[in-house]
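The block underneath contains the structure these notes are about, expressed in structure tokens.
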Amino acid sequence: MAKTKTPQAIRGTQDIFGAEAEAFAFVVETFERVRKLYRFRRAEFPVFEKTEVFARSIGETTDIVSKEMYSFEDRGGESLTLRPEFTAGIARAYLTNGWQQHAPVKLATHGPLFRYERPQKGRYRQFHQIDAEIIGAAEPQADVELLAMADQVIRELGIEGVTLHLNTLGDGDSREAWRAALVEHFRAVKDELSEESQERLEKNPLRILDSKDRRDQRFVADAPKIDAYLSDEARAFFDAVTSGLDAAGVKWKRAESLVRGLDYYRHTAFEFIPDEGSAAADALGSQSTILGGGRYDGLIESLGGPATPAVGWAAGIERLAMLVDRSQAPLDLVVFAEVEGFEPLAFEINRLLSQGRGYSDSENLQVEYLYSGSLKKRYQKAKSTGAMRGLVVERHDEAICQVRLRDLNVDRERPVRNRVEEALAEHFELLETKHMNAHTWVLVERRK
RNA sequence: GCGAUCGUAGCUCAGUUGGUUAGAGCGCCGGUUUGUGGUACCGGAGGUCGGGGGUUCGAGACCCCUCGAUCGCCCCA
């Protein structure tokens, strides 16, 4: 009979385990904690939408729409797409659920996104983001609050050497005037630009500004600046954002050539980027932006809604996870039976110890119960778990059993004995004895 | 979509200019040893050398195709 072949995972997907999974969870937990402090409301959204939700809002010419969406037809022949980003779907939800009634509404979510791209360091086909949006607020104070929250998430993750890069794209008119000036500027030197930038000249001229090609960078330096094209309103808006950040104690840096990839952005645009030469920059390779976003006042209109101001950001969980250092907390105690037939009793005791007993997380014991292998193996495994001490369940002729606390890896100090005794005493009549160096309790009978 | 590097036991890898039954360490299982017991010793299971085709008397090693991984470009979190 032919052996069944194991199917492979889909390219660009990942199975996360061990320290990486702990780091991933830590990022999400930290985000959840901080968003509550800022009173952002948790929301959940479908991972797929009608294709037009993304096609109309993101911009038909962007690469995301033209070649990076995971799209397919359902049985009714309708084109659906796995979400490549959060914002468009959230805007759709805002309209179809009538969330105007809550405006301005502060939303937070996280989950998987999908982009049909070649995987590389810090980039996957299924990746995960945390996301925060404020919809229905036109005030620059909304940008400030959103950025302050982002800054706090990064700081509470313990990530160092990352700076907020900030720019404004102006309002619609400012942006168009600037864009026209840029096209004119670069068209004059078109033949000397890189091949990619010659393409971009027609499709997405703003993108030339952050080209990595040296040939382009010569001309980027003296390219027209957005500041010269800002309307008075747009300038006042940006000033209000920056002075708000200063007042809030959020450090930032002006990045005149920072533009966002998607069409719908207006006014504030920002990215949190590791500083040159920092440990964070090394860890991330060429995928350096860990959090990005901006104001997208035009988006909701493009989905058929009323003109609605909004700001938001998203951050790659995998990228953040690469910058935090998390391993599993050390194990305090392993519990196992030393005599065959005492396994159920050992598990009963294990359960007493791991049950929530009203302690805070830092006081609760991490306990693992061993049941497999020969008795010798159990000792071997007990040690290799790294547990500080072992609780061994032994036979006792005149009582239920005898429980002995033994040292395994005593390089760490963590008081365990009182906690164990307390848990046991709640359910058993105890007789405490000293036996050699080890602490021993005889479990005489169960309490009623 | 483009480019570079890579793909040998569960894991990390070695396999000399192509030459007899493909190896090591770790892990796993068993035995002996060890009277706080992850040690030491002995033994065992486990590999269509990513897959397909070709060159050759002979290929894990050379060529082509394909799949996958890693890193970079485009783009982007």
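Predicted model, so just to flag it, every value in this text is computed and none were measured.
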Checking the side chain of A/H185 only, and the main-chain atoms of A/F219 only, is there a donor and an acceptor separated by less than 3.5 Å? yes

By nearest-heavy-atom nucleotide on RNA chain B, the more 5' of A/T13 and A/S288 is A/T13

Integer-rounded Å distance: B/A77 C1' and A/I154 CD1: 12 Å

Would you kindly give the CG-to-C1' distance between A/L206 and B/C75, to the nearest whole Å? 15 Å

Between B/C76 and B/G38, how many Å separate the two C1' atoms, rounded to a whole number? 48 Å

Hey, is A/E196 close enough to A/R207 for a salt bridge, meaning N to O under 4.0 Å? no

Considering only the C1' atoms, how many Å lie between B/C28 and B/A9, rounded to the nearest integer? 12 Å

Taking OP1 and OP2 of B/C73, is either one under 4.0 Å from a side-chain nitrogen or oxygen of A/S286? yes

Is a donor-acceptor contact shorter than 3.5 angstrom present between the side chain of A/K383 and the base of B/U39? no

Among B/C29, B/C75, B/G72, which nucleotide has an atom closest to any side-chain atom of A/K377? B/C29

Can you find a donor-acceptor pair, distance only, under 3.5 Å between A/R123 side chain and B/C75 base? yes

If the C1' atom of B/G30 is compared with that of B/A45, how far apart are they to the nearest Å? 10 Å

Output yes when at least one side-chain N/O atom of A/Q8 is less than 4.0 Å from OP1 or OP2 of B/G68, else no. no

Between B/C49 and B/G44 - P atom distance, rounded Å: 23 Å

Please work out whether the ring planes of A/F270 and A/F272 are parallel, tilted or perpendicular, with thresholds of 30° and 60°. perpendicular

So, is A/R118 close to the B/C76 phosphate, meaning a side-chain N or O under 4.0 Å from OP1 or OP2? no

Could you tell me how far B/G43 sits from B/G15 if I compare only their P atoms? Round to whole Å. 26 Å

